[in-house]
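Here is the structure we will look at.
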Amino acid sequence: MEIASKYDPRSVEERWYNFWLEKRLFHSEPDRRKAYTVVIPPPNVTGVLHMGHMLNNTIQDVLVRRARMLGKNACWVPGTDHASISTEAKVVKMLAERGINKRDLSREEYLKYAWEWKEKYGGIILKQLRKLGASCDWDRTAFTMDDIRYESVIKVFVDLYNKGLIYRGVRMVNWDPQALTAVSDEEVIYKESHGKLFYLRYYVEGEEKYIVVATTRPETIMGDTAVCVHPEDERYQWLKGKRVIVPGVGRIVPIIMDEYVDREFGTGALKITPAHDINDYNLGMKYGLESIDIFNDNGTLNANGGKYANMDRFACRKAIMKDLEEAGLVEKIEDYTNKVGHSERTDAVIEPKLSAQWFMKMESLAKKALEVVEDDTIQFHPAKFKNTYRHWLENIKDWCISRQLWWGHRIPAYYFERVTESGDRRTEVVVAVNEDEARKIAAEKYGYNGDLRQDEDVLDTWFSSWLWPISLFDGIRNPDNEEIKYYYPTDDLITAPDIIFFWVARMIMAGEEYRGEVPFRHVYFTGIVRDKLGRKMSKSLGNSPDPIELIEKYGADGVRMGMLLTAPAGNDLPFDESICEQGRNFANKIWNALRLVKGWETDGEVRQSDENALAVEWMEQRMACVLESIEKDFDQYRLSEALMSTYKLVWDDFCSWYLEMVKPAYGKPIDRETYDSTIRIFERLMCMLHPFMPFITEEIWHILQTCEENETLAQLGAESSIMMQHMPCSVFYDQRMLDDCNVAREMIAGVRNMRNSRGLSPKEELNLIVVAGSDKPLNRRFDGIVRKLANVGEITYSEAKPEGALGFMVGTMECFVPMKENIDVESELKKLEEELRYSEGFLMSVMKKLDNEKFVKGAPEKVVALERQKKADAEKKIEALKERIGELRG
RNA sequence: GGGAGUUUAGCUCAGCUGGUUCAGAGCACUUGCCUUACAAGCAAGGGGUCAUUGGUUCGAAUCCAAUAACUCCCACCA
């Protein structure tokens, strides 16, 4: 068979991905096998693939492919998230570019545009994932707003409302004046910002005296309804019971006294604006203060702003300060740094705002969700995130779930007006899965048969994603269906730590509430992908490479491997393109090994040599050994370690050692037995590597096979669990043999080193004389291999030391290479003396331990025995070295 | 302000319950090689007071305390 001299990932990757798709290898249906389930963290429909997705999905794919090969029924469900607030922002922008104002559209018209947008852009990211090799069950692709998911969300809302866990109330919420919606506490990002602290004079009513109040937000004085000082503050006792005039506004407000005030801050006097600050709101409630709302929803001042009405809040700040300064009401202005809340999605400065919203009670849900993580029913990797998780759940507040948007799940609450028995007009609300149901309830409960008005708001995006592991299998609408019973709970969740509260915690709550069972067993937290300078990758910085370009340049296998090697769980990944090079180089290396092996001529007449039989045996032992360590790595989710071991197994053990051991001399054929074994070993290596590098392994596996057209490496597990056959997990391996081989490898390296340092050609054959130093019986099985790889003619075992030879030591064994030419005595002496010095120092440290009575008494026998052995070996070595030095000086 | 974490080779990180896996790996680096699979390579090398200072111990990268630097999370100080 003709094999291309260069590996071309592009054509190979596309070919195999299509093949897998055609065969529907990634599709899963419940059967008798054990299920292995992963649900994708649904990317936003607004998104395009970035490096974070690449890392996250590569990890998922490795786990899924491995499970599939181990004979499990692997199901990786893909999908996208409607991302209400960011999508709405994009759609509004797109409309604006077309000259359309959202406000001129009806809800239905607007949603038509939004769906169009979703259809056009929403699938991009999933298509991109195919290039990465993601083995998702595409037939199951879901969307958080498709019919099943939509109905599930509505059903849950109604259910939680009926259970009393969802309520509507007027609260101080975080208002995003740009998106014109409330957002949850988690969606507010506090950022350090350099601002000013303004000291304003509040004159006492009817007096010339004034009190100075410090504020960062002078524009809110229009809403001031009190000034507060600490009740024990000496400086302000005279103000007790008095009233002051709000500067520039003229409103007369009371002085109140409350321990909330920090006497150290500013002047120790605080202005109270109940409508626009959560703390002021609380104080306002406590003292029965009036609450004056001065802002419109978009952050401009309303009619209560008087002459500043319609001005933006930040422009107003400037204008007001100018006016106050002119009026002599400003004491001073200081620079001040504080944290200001910004909207996660729009980055607008959040405005605390009193409004009617829907909330969810979290306390009871949180309790259960905490338990299952505390008792390790769900394990976090790395475990340190348990702390973060615990802290949040122990301090949880109710969740504001309504959003003043159109794109999303519309809240199934229906309002109507009625007159009560006592004659009051009241607005009633009924919550039901649809309007017909709502009518029934309204009729039954209130005898009302008129029109209903549905709540205009939609639900927080996360109110649909928290159901994801359940709703994907339709386990909300049909809790007893076969699929949910088979696939749930899922096995692993792979996600970034920044959504631990938004998503992970809430999914656990939903799992407990709706399945009485955790949604997954393990959560693997990936790190954040950063650039070389340690900055987060972001669009605005332009420091994020295009993943698709990377794949084209290095191959998907190369990119996957590069990322995995440098990203242990929970560690940030400092991304540099060069890490992909390592992956690409590795692919190239494997390809060349293939070219070598496939280039060999076999000859059935040639008998397998002892050396080749030994090489095969050794390689198999090595594989079993590495396999065992990989098992452990996967158990602990140490993917980068598992990959590194496999990498070294292939590159070092297989390519550098094994293939060199069995490689026939130029032009000579190889024996059939060794050839077949080599192919088998190669195949197994491809199996081990397949989860990490699915494309090249599949390609090579096919070339190696005498090839059944229809078989594929990716599906093997499905029928026969060939990975189990090929990767026997409980194989015993002979550590002694591996040790013996290591001695041989050291001898080979010693001879090569000798050539290197003396400038001898590798082609010149040398002889080797071994003087066994220790009483350990020498294993000479590897002699033939040493001779071949070190180009040694003869190995002689002797008691006597040869003359005119250069030496090196392997353990306590002395090796000599006789030289034809004169040896450089001086440099040889220098080397020996250095080695002697080191050995003597080593002996001293060992002696120190052994001379210490406490050590000999206190340490375990085994440790003491080892020290004694060290001592004996060192003494022997020193003796040998001294002898050699004596001879050379001779 | 509270909490958590990190600090080991130039870089990214392993190092489990203290002792032959104790100072490791990969990359980078140095030297020599276009050796008929591979220069995206081969062979051989160099490189670390395990952040600092104390303590516990026969023995500390490993356990304890303090210090320093960095990172992250949480929090209503105007």
Side-chain angles (χ1 to χ4, degrees), chain A residues 3 5-7 172 190 197 213-217 220 228 260-262 264-273 277-282 336 338-339 341 352 382 384-392 395 497-498 500-501 528 532 534 554 558 565-568 570-574 576 578-579 581-600 632 636 638 640-641 643-645 647-648 651 655-656 659-660 663 666-667 748-750 752-757 759 761-763 791 848-849 852-860 862-864 866-867 869-870:
Chain A
I3 296 168
S5 64
K6 279 271 173 206
Y7 175 63
M172 190 64 91
Y190 287 89
L197 191 56
V213 174
T215 178
T216 54
R217 304 202 55 195
T220 61
C228 188
Y260 167 76
V261 177
D262 176 0
E264 306 300 315
F265 188 89
T267 59
L270 171 66
K271 70 188 206 58
I272 305 297
T273 320
D277 183 285
I278 176 71
N279 303 302
D280 292 11
Y281 174 73
N282 292 337
Y336 184 65
N338 69 340
K339 299 240 176 161
K384 65 176 176 184
F385 287 107
K386 264 171 105 166
N387 294 325
T388 317
Y389 182 82
R390 182 188 312 115
H391 184 260
W392 187 70
N395 296 285
D498 53 349
I500 185 169
F501 309 135
I528 296 164
K532 269 188 270 190
Y554 300 100
L565 271 182
T566 34
N571 273 21
D572 283 359
L573 167 65
D576 180 17
S578 63
I579 66 171
E581 266 173 47
Q582 201 181 346
R584 179 202 57 184
N585 294 355
F586 186 44
N588 189 46
K589 181 74 184 176
I590 304 169
W591 190 253
N592 281 308
L594 174 78
R595 289 177 56 213
L596 174 70
V597 172
K598 290 304 272 189
W600 286 342
K632 282 186 198 145
Q636 296 169 70
R638 295 156 59 127
S640 55
E641 303 254 323
L643 176 55
M644 180 52 77
S645 305
Y647 172 82
K648 286 195 278 190
W651 196 307
C655 293
S656 297
L659 289 180
E660 292 300 328
K663 187 174 170 179
Y666 181 63
I748 294 163
R752 285 170 172 172
N753 183 19
M754 187 136 299
R755 290 180 198 278
N756 235 326
S757 56
S761 159
K763 284 174 184 154
N791 192 18
K848 211 170 127 194
K849 275 192 197 174
N852 185 336
E853 245 178 76
K854 283 179 182 167
F855 171 74
V856 180
K857 274 188 190 161
K862 208 176 122 194
V863 175
V864 178
L866 274 167
E867 285 308 307
Q869 182 66 49
K870 276 200 230 170

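All figures in this text were calculated on a predicted structure; none of them were measured in a lab.
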(request) Take nucleotides 73-78 of chain B nucleotide by nucleotide from the 5' end and write B, S or -, depending on whether a protein heavy atom sits under 4.0 Å from the base, only from the sugar-phosphate, or from neither. (result) SSBBBB
(request) Report which part of the nucleic acid A:Asp576 touches: base, sugar-phosphate, or nothing (heavy-atom distance under 4.0 Å, all strands). (result) nothing
(request) Write down the distance separating the P atoms in B:A28 and B:C64, rounded off to the nearest Å. (result) 37 Å
(request) Look at all strands and tell whether A:Ala587 reaches a base, only sugar-phosphate, or nothing, counting heavy atoms closer than 4.0 Å. (result) nothing
(message) Measuring only the C1' atom in each nucleotide, how far is B:U8 from B:A25? A whole number of Å is fine.
(response) 12 Å
(request) In whole angstrom, give me the gap between the P atoms of B:U62 and B:C76. (result) 39 Å
(request) For residues A:Val864 and A:Val856, report the shortest heavy-atom separation together with the two atoms involved. (result) CG2-O, 4.0 Å
(message) Within this structure, what is the CZ-OG distance for the pair A:Arg638 and A:Ser645, rounded to the nearest 0.5 Å?
(response) 9.5 Å
(message) Of the listed nucleotides (B:C13, B:A4, B:A37), which one gets closest to any side-chain atom of A:Asn387?
(response) B:A4
(request) For B:G47 versus B:G55, give the span between their C1' atoms, rounded off to a whole number of Å. (result) 32 Å
(message) Show me the dot-bracket string of RNA chain B, counting Watson-Crick or G-U pairs under 3.5 Å, with | for pairs to another strand and [ ] for crossing ones.
(response) (((((((..((((.....[....)))).(((((.......))))).....(((((..]....))))))))))))....
(message) Without decimals, in angstroms, what is the distance between A:Lys854 NZ and B:U57 P?
(response) 9 Å
(request) Look at all strands and tell whether A:Asn282 reaches a base, only sugar-phosphate, or nothing, counting heavy atoms closer than 4.0 Å. (result) nothing
(message) If you define the side chain from C-beta out and look only at heavy atoms, does anything of A:Tyr7 sit under 4.5 Å from A:Ile590?
(response) no
Mind listing the N/O atom pairs, protein and nucleotides 25-28 of chain B, below 3.5 Å?
unit_1 : atom_1 : unit_2   : atom_2 : d
B:A25  : O2'    : A:Lys648 : NZ     : 3.1
B:G26  : O2'    : A:Gln582 : NE2    : 2.6
B:C27  : OP1    : A:Tyr647 : OH     : 3.3

(request) Select from A:Ala593 and A:Ile748 the residue whose nearest nucleotide in RNA chain B is closer to the 5' end of that strand. (result) A:Ala593
(message) Rounding to an integer number of Å, can you tell me how far A:Phe586 CZ sits from B:G41 C1'?
(response) 15 Å
(message) With rounding to the nearest 0.5 angstrom, report the OH to CD1 distance, A:Tyr260 to A:Ile272.
(response) 8.0 Å
(message) Is there a side-chain contact between A:Asn571 and the phosphate of B:C13, meaning an N or O under 4.0 Å from OP1 or OP2?
(response) yes
(request) Quote, to the nearest angstrom, the C1' distance that separates B:U71 from B:U35. (result) 49 Å
(message) Rounded to whole Å, please give me the gap between CG in A:Asn756 and C1' in B:C42.
(response) 11 Å
(request) Output the distance between atom OG1 (A:Thr215) and atom CG (A:Asp277), rounded to the nearest 0.5 Å. (result) 9.0 Å
(request) Could you check A:Trp591 against A:Ile3 for side chain to side chain contact (heavy atoms under 4.5 Å, CB included), going step by step and ending with a plain yes or no? (result) CA-CA 9 Å; A:Trp591 190 253; A:Ile3 296 168; 3.4 Å; yes
(message) Anti or syn, where syn is a glycosidic angle within 90° of 0; which label fits B:U57?
(response) anti
(message) Rounding to an integer number of Å, can you tell me how far A:Asn791 CG sits from B:A43 P?
(response) 15 Å
(message) Donor-acceptor check, side chain of A:Asn395 to backbone of A:His391, threshold 3.5 angstrom: yes or no?
(response) yes
(message) For a quick test of reading the model: is some side-chain N or O of A:Lys857 closer than 4.0 Å to OP1 or OP2 of B:C58?
(response) no
(request) Quick one: label A:Lys6 by what it contacts on the DNA or RNA (base, sugar-phosphate, nothing), any heavy atom closer than 4.0 Å. (result) base
(request) Let me see the working for A:Phe265 and A:Leu270 under side chain to side chain contact (heavy atoms under 4.5 Å, CB included), right down to the final yes or no. (result) CA-CA 9 Å; A:Phe265 188 89; A:Leu270 171 66; over 6 Å; no
(request) Scan A:Cys228 against the nucleic acid and name what it touches under 4.0 Å (heavy atoms): base, sugar-phosphate only, or nothing. (result) nothing
(request) Determine whether A:Thr220 and A:Lys271 make a side-chain contact, defined as any pair of heavy atoms from C-beta on separated by less than 4.5 Å. (result) yes
(message) Rounded at 0.5 Å granularity, tell me how far CD in A:Glu660 sits from SG in A:Cys655.
(response) 9.0 Å
(request) Hey, which sits more toward the 5' end of RNA chain B by its nearest nucleotide, A:Asn592 or A:Pro574? (result) A:Pro574
(request) Just call it for A:Ser640: base, sugar-phosphate, or nothing, with non-hydrogen atoms closer than 4.0 Å on any strand. (result) nothing
(request) Hey, could you give me the OH/CZ distance between A:Tyr554 and A:Arg584, rounded to the nearest 0.5 Å? (result) 6.0 Å
(message) Using a 4.0 Å heavy-atom cut-off to protein, can you give one letter per nucleotide of nucleotides 17-22 of chain B, 5' to 3': B if the base is in contact, S if only the sugar-phosphate is, - if neither?
(response) --BB--
(request) Considering non-hydrogen atoms only, spot the tightest contact between A:Tyr281 and A:Met172 and give its length. (result) CB-CE, 3.4 Å
(message) Tell me the interatomic distance from A:Lys589, atom NZ, to B:G41, atom C1', rounded to whole angstroms.
(response) 6 Å
(request) Begin from the C-alpha positions of A:Val597 and A:Leu659 and carry the test side chain to side chain contact (heavy atoms under 4.5 Å, CB included) through to its verdict. (result) CA-CA 8 Å; A:Val597 172; A:Leu659 289 180; 3.9 Å; yes
(message) Quick check for you: among B:G15, B:A40, B:C42, whose closest atom lies nearest to any side-chain atom of A:Arg638?
(response) B:G15
(request) Please state whether the base of B:A37 and the side chain of A:Glu660 form at least one donor-acceptor pair under 3.5 Å? (result) yes
(request) In whole angstrom, give me the gap between the P atoms of B:G26 and B:A14. (result) 16 Å
(message) Output the rounded distance in Å from CG (A:Leu594) to C1' (B:A40).
(response) 17 Å
(request) Apply salt bridge (charged side-chain N to carboxylate O under 4.0 Å, His left out) to A:Asp498 and list each qualifying residue two or more places apart in sequence or on a separate chain. (result) none
(message) Categorize A:Arg752 for me: base, sugar-phosphate, or nothing, with a 4.0 angstrom heavy-atom threshold over every strand shown.
(response) sugar-phosphate
(message) Rounded to whole Å, how long is the line connecting atom CG of A:Leu596 with atom C1' of B:C42?
(response) 13 Å
(request) Pick the P atom in B:A65 and in B:U56, then give their distance to the nearest Å. (result) 15 Å
(request) May I have the step-by-step check of side chain to side chain contact (heavy atoms under 4.5 Å, CB included) for A:Arg217 and A:Thr273, ending in yes or no? (result) CA-CA 10 Å; A:Arg217 304 202 55 195; A:Thr273 320; over 6 Å; no
(message) Please tell me if A:Ser5 has a side-chain N or O lying less than 4.0 Å from either OP1 or OP2 of B:C38.
(response) no
(message) Which residues pass the salt bridge (charged side-chain N to carboxylate O under 4.0 Å, His left out) test with A:Glu867, not counting sequence neighbours?
(response) A:Lys849, A:Lys870
(message) Would you measure the distance from the P atom in B:G5 across to the matching atom in B:G10 and give it in whole Å?
(response) 27 Å
(message) For A:Asn588, is there any backbone N or O sitting under 3.5 Å from a side-chain donor or acceptor partner on A:Asn592?
(response) yes
(request) Starting from P on B:A37, measure out to CH2 on A:Trp600 and report it in whole angstrom. (result) 10 Å
